[in-house]
Amino acid sequence: MIRVYNTLTGQKEDFSPISPPRVTMYVCGPTVYGPAHIGHAKTYIVFDVVRRYLEYRGYDVEYVVNITDVDDKIIARSNASGEPWNELAERYAREFLEEMDELNVLPASKYPRASGNIHEIIADVLKLVESSHAYVVDGDVYFRVESDPDYGKLSGRRLSEMRAGARVEVDERKEHPMDFALWKAAKPGEPYWESPWGRGRPGWHMECTTMSTRNLGPQIDVHGAGADLIFPHNENEIAQSECLTHKVPFVRYWMHSGLLQLEEEKMARSVGNVLSVPGILDRFGADAFRWYVLSTLYRRSVAYSEEAIEFAARTVRRVSSAAALAPADAKPDLGHYAEQRSAFEAAMDDDFNTPQALAVLSDLAREASRLGSSGEDPSPPAALLREFGDVLGLRLEVGAAERARNAEPFIDLLVEVRGELRRAKQYALADRVRERLRELGIALEDVPGGETRWRAEE
RNA sequence: GGCGACGUGGCCAAGUGGUAAGGCAGGGGUCUGCAAAACCCCUAUCAGCGGUUCGAUUCCGCUCGUCGCCUCCA
């Protein structure tokens, strides 16, 4: 039985989807006004692993990630640069999807865009106005938080406890300071759509309600997001959705991933302390970053540390070369490694405890290497290692072997020649071959029995 | 001011009411012409103070510290 920590209840709960084996999963995607950063990458890696593990467990996951392409910041950027807002958004959306692919994040079933759902959003806002959950002021439409007695249940706050106006000026036109915009009237020079309330665009939270309910139904199993979205975004989503559909709960399991911290502060584009995804990929590789992310519980925040990613890279290298000891078509030996499988599953069942799952991979890697170096067959543990790596989204490719593939016959030839030199005790020359190859990124290792292995390094 | 999370070996990080996984680093070995890699062995009493308990790192309270949210934000 899988147990999932639910932000709504603050407890781990047994996972039982509405209509198994189907699992509906919605994760809040990025606002595409600029490049994504590795904090986004952490979140989508986390939910990628959730999705992969649910599939491993036999569920049929329908996974939707929205892309927010209508937003104040996009408009501001567009006005500043002269690039049309929709082209700008599309450019960053494409970049985001490419980066996710490089991070080995499986594609979602759908990536709905706010701009593609305007009519549906208007229809939903209209319903909320008609049912008195929302009201119109000067072409804006606001959600009436006091019309929802449950408002605040996700973030655990009461309207009376919140300091309205503590950090933001209160808009006097609103009935309650916490009322939030479902629809915003367009100012001159801003993109707009025609609506019953005049020209305007969707507000901040409405798109997620419209797109999740239209794509996955009024009630969904899992809703994921970064922890910074708990309030107000996810809170508002619940209020809108439940008042709209009258189906409670809107979401069975709310999951939130801990934020990536940089220099004692969360990484955020608004703070300005961001590191790009390509930068990390170039320096450490997708597996190293993923291993680093998964070596902490997903709910915890993580302090960014280059040293830690380097260590993860080293571990990944060791584990990858152990995984390479199994032929691609090898079947794991269930008889001998049932214990590791149940340890892996027990870890993952317990709210996706990836640090413990990684410990199992470490064990298997050691076992495979040990068998390999003692002349026994390392395939069974190595094959299982690959299987688990796949569940966690780790490619476990042996370094840059892929890239070296074309040069393989020539490298083999050099290795062969060096072997001859060694047998002739021409060590100086043999070492020169090894050194030169190393400079070219090919590391040689002499294993017992006179054989020599090589592998490509970063 | 309110809500919440966290504080485990040199570093990172799981976990449990009955003396603590894993990774990295470090020390010692095996292997090797040397090297590299790999493998084997070794290294903690869990922020502090009280309380509950036969027994707490694990439960409760307080203190200190760190962080998140209360505004857009993965």
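Chain letters run A, B, ... following the sequence lines, proteins first and then strands; every chain starts at 1.
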Select one nucleotide: of [options], the one nearest the side-chain heavy atoms of [X].
X: H37(A); options: A74(B), A21(B), G23(B); value: A74(B)
X: R157(A); options: C34(B), C73(B), C70(B); value: C70(B)
X: R366(A); options: G33(B), C40(B), A74(B); value: C40(B)
X: S301(A); options: C67(B), C72(B), C34(B); value: C67(B)
X: R438(A); options: A74(B), A25(B), A36(B); value: A36(B)
X: P355(A); options: A36(B), A74(B), A13(B); value: A13(B)
X: E307(A); options: C24(B), C70(B), C11(B); value: C11(B)
X: T43(A); options: G15(B), A74(B), C72(B); value: A74(B)
X: Q261(A); options: C67(B), C69(B), A37(B); value: C67(B)
X: R318(A); options: C73(B), G68(B), G23(B); value: G23(B)

Q.
With a 4.0 Å limit, can you tell me whether R314(A) has a side-chain N or O closer than that to the phosphate oxygens OP1/OP2 of A25(B)?
A. yes

Q. Has R300(A) got a side-chain N or O lying under 4.0 Å from the OP1 or OP2 atom of A14(B)?
A. yes

(Q) Return whichever of R418(A) or K42(A) has its heavy-atom-nearest nucleotide of RNA chain B closer to the 5' end. (A) R418(A)

(Q) Both D431(A) and N353(A) contact RNA chain B. Which one's nearest nucleotide lies toward the 5' end? (A) N353(A)

Q. Between F311(A) and G23(B), do the rings stack, that is, sit under 5.5 Å apart with planes less than 30° off each other?
A. no

Q) Can you tell me if S115(A) and R113(A) form a side-chain donor-acceptor pair at under 3.5 Å? A) no

Q) Does E190(A) pair with K184(A) as a salt bridge, N-O distance under 4.0 Å? A) no

Q | Electrostatic pair D351(A)-R299(A), nearest N-O below 4.0 angstrom | A | yes

Q. If we take the P atom in both C59(B) and C69(B), what is their distance in whole Å?
A. 26 Å

Q | Side-chain heavy-atom pair F352(A), V4(A) within 4.5 angstrom cut-off | A | yes

Q) Once you round to the nearest 0.5 Å, how far does CD1 of I442(A) lie from CH2 of W454(A)? A) 5.5 Å

